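Residue numbering restarts at 1 for every chain, and letters A, B, ... go by the order of the sequence lines. Predicted model, so just to flag it, every value in this text is computed and none were measured.
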Amino acid sequence: MTEFSKTVYNMVKDIRCGQTMTYAEVARAVGKPRAYRAVGNALNKNHDPSVPCQRVVRSDGHIGGYNRGAGLKEKLLREEDAI
DNA sequence: GAGCTGACATGTT
DNA sequence: CAACATGCCAGCT
């Protein structure tokens, strides 16, 4: 756990229901616009359900990945009308 | 014009 | 040192 990852989790938690953010946006929010990869890794290793990592998507509009299956991620986003 | 792949850059685990 | 849930660009189909 680093300050960076903690900040990332905090940002993701702060995302409103139905609102999504890209890895690049989160990375920029924490002050490291080039840490988009680190953001994905941090979320990937994080297994805390308190962190709605499904709200974090690619800048291309693609879903990306999810700890419990990318398909589930897309499903969750549809359920909350975020996509 | 749209979609895919490969290569390079960046930061954490 | 190697891997990775990305991003941007170049080249191909």
Expressed in angstrom and rounded to an integer, what is the separation of [X] atom [atom1] from [N] atom [atom2]?
{"X": "A:Ile63", "N": "C:dG7", "atom1": "CD1", "atom2": "P", "answer": "12 Å"}
{"X": "A:Met11", "N": "C:dA5", "atom1": "CE", "atom2": "P", "answer": "23 Å"}
{"X": "A:His47", "N": "C:dA5", "atom1": "NE2", "atom2": "C1'", "answer": "12 Å"}
{"X": "A:Tyr23", "N": "C:dA5", "atom1": "OH", "atom2": "P", "answer": "9 Å"}
{"X": "A:Arg34", "N": "C:dC9", "atom1": "CZ", "atom2": "P", "answer": "13 Å"}
{"X": "A:Asn44", "N": "C:dT6", "atom1": "CG", "atom2": "P", "answer": "9 Å"}

For this session: Name the first nucleotide and the last nucleotide along DNA chain B (5' to 3') that come under 4.0 Å of a heavy atom in chain A.
Result: B:dA9 to B:dT13

For this session: Sequence neighbours left out, what pairs pass salt bridge (charged side-chain N to carboxylate O under 4.0 Å, His left out) with at least one residue falling in residues 29-43 of chain A?
Result: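 Those involving residues 29-43 of chain A do not exist here.
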
Problem set entry | Of A:Arg37 and A:Ala42, the one whose closest DNA chain B nucleotide lies more 5' |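 This one resolves to A:Arg37.
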
Exercise. If each of A:Phe4 and A:His62 is mapped to the nucleotide of DNA chain B with the nearest heavy atom, which maps nearer the 5' terminus, i.e. the 5' end?
Worked result: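 Whichever sits nearer the 5' end wins; that is A:His62.
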
Would you mind reporting whether [Y] and [X] have side-chain heavy atoms less than 4.5 Å apart?
{"X": "A:Ile15", "Y": "A:Thr20", "value": "no"}
{"X": "A:Tyr9", "Y": "A:Asn46", "value": "yes"}
{"X": "A:Arg55", "Y": "A:Cys17", "value": "yes"}
{"X": "A:Tyr66", "Y": "A:Leu76", "value": "yes"}
{"X": "A:Gln54", "Y": "A:Glu80", "value": "yes"}

For this session: Tell me what A:Asp60 touches on the nucleic acid: a base, only sugar-phosphate, or nothing, going by heavy atoms under 4.0 Å.
Result: sugar-phosphate

Problem set entry | A:Val39 reachable from A:Val51 in the ILVMFWY side-chain graph, under 4.5 Å edges |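 Same cluster: A:Val51 reaches A:Val39 through Ile, Leu, Val, Met, Phe, Trp or Tyr contacts under 4.5 Å.
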
For this session: Check whether A:Met11 and A:Phe4 end up in the same hydrophobic cluster, where Ile, Leu, Val, Met, Phe, Trp and Tyr are linked by side-chain heavy atoms less than 4.5 Å apart.
Result: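 Yes.
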
Exercise. When you look for runs of 3 or more Watson-Crick or G-U pairs in a row, both distances below 3.5 Å, which of them include DNA chain B?
Worked result: B:2-6 with C:9-13, B:11-13 with C:2-4

For this session: Over all heavy atoms of both residues, which pair between A:Arg58 and A:Tyr23 is shortest? Give the atoms and the distance, please.
Result: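 Distance-wise, the nearest heavy atoms are N-CE1, 4.0 Å.
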
For this session: Look at the side-chain N and O atoms of A:Ser59 and state whether any lies under 4.0 Å from the OP1 or OP2 oxygen of C:dC8.
Result: yes

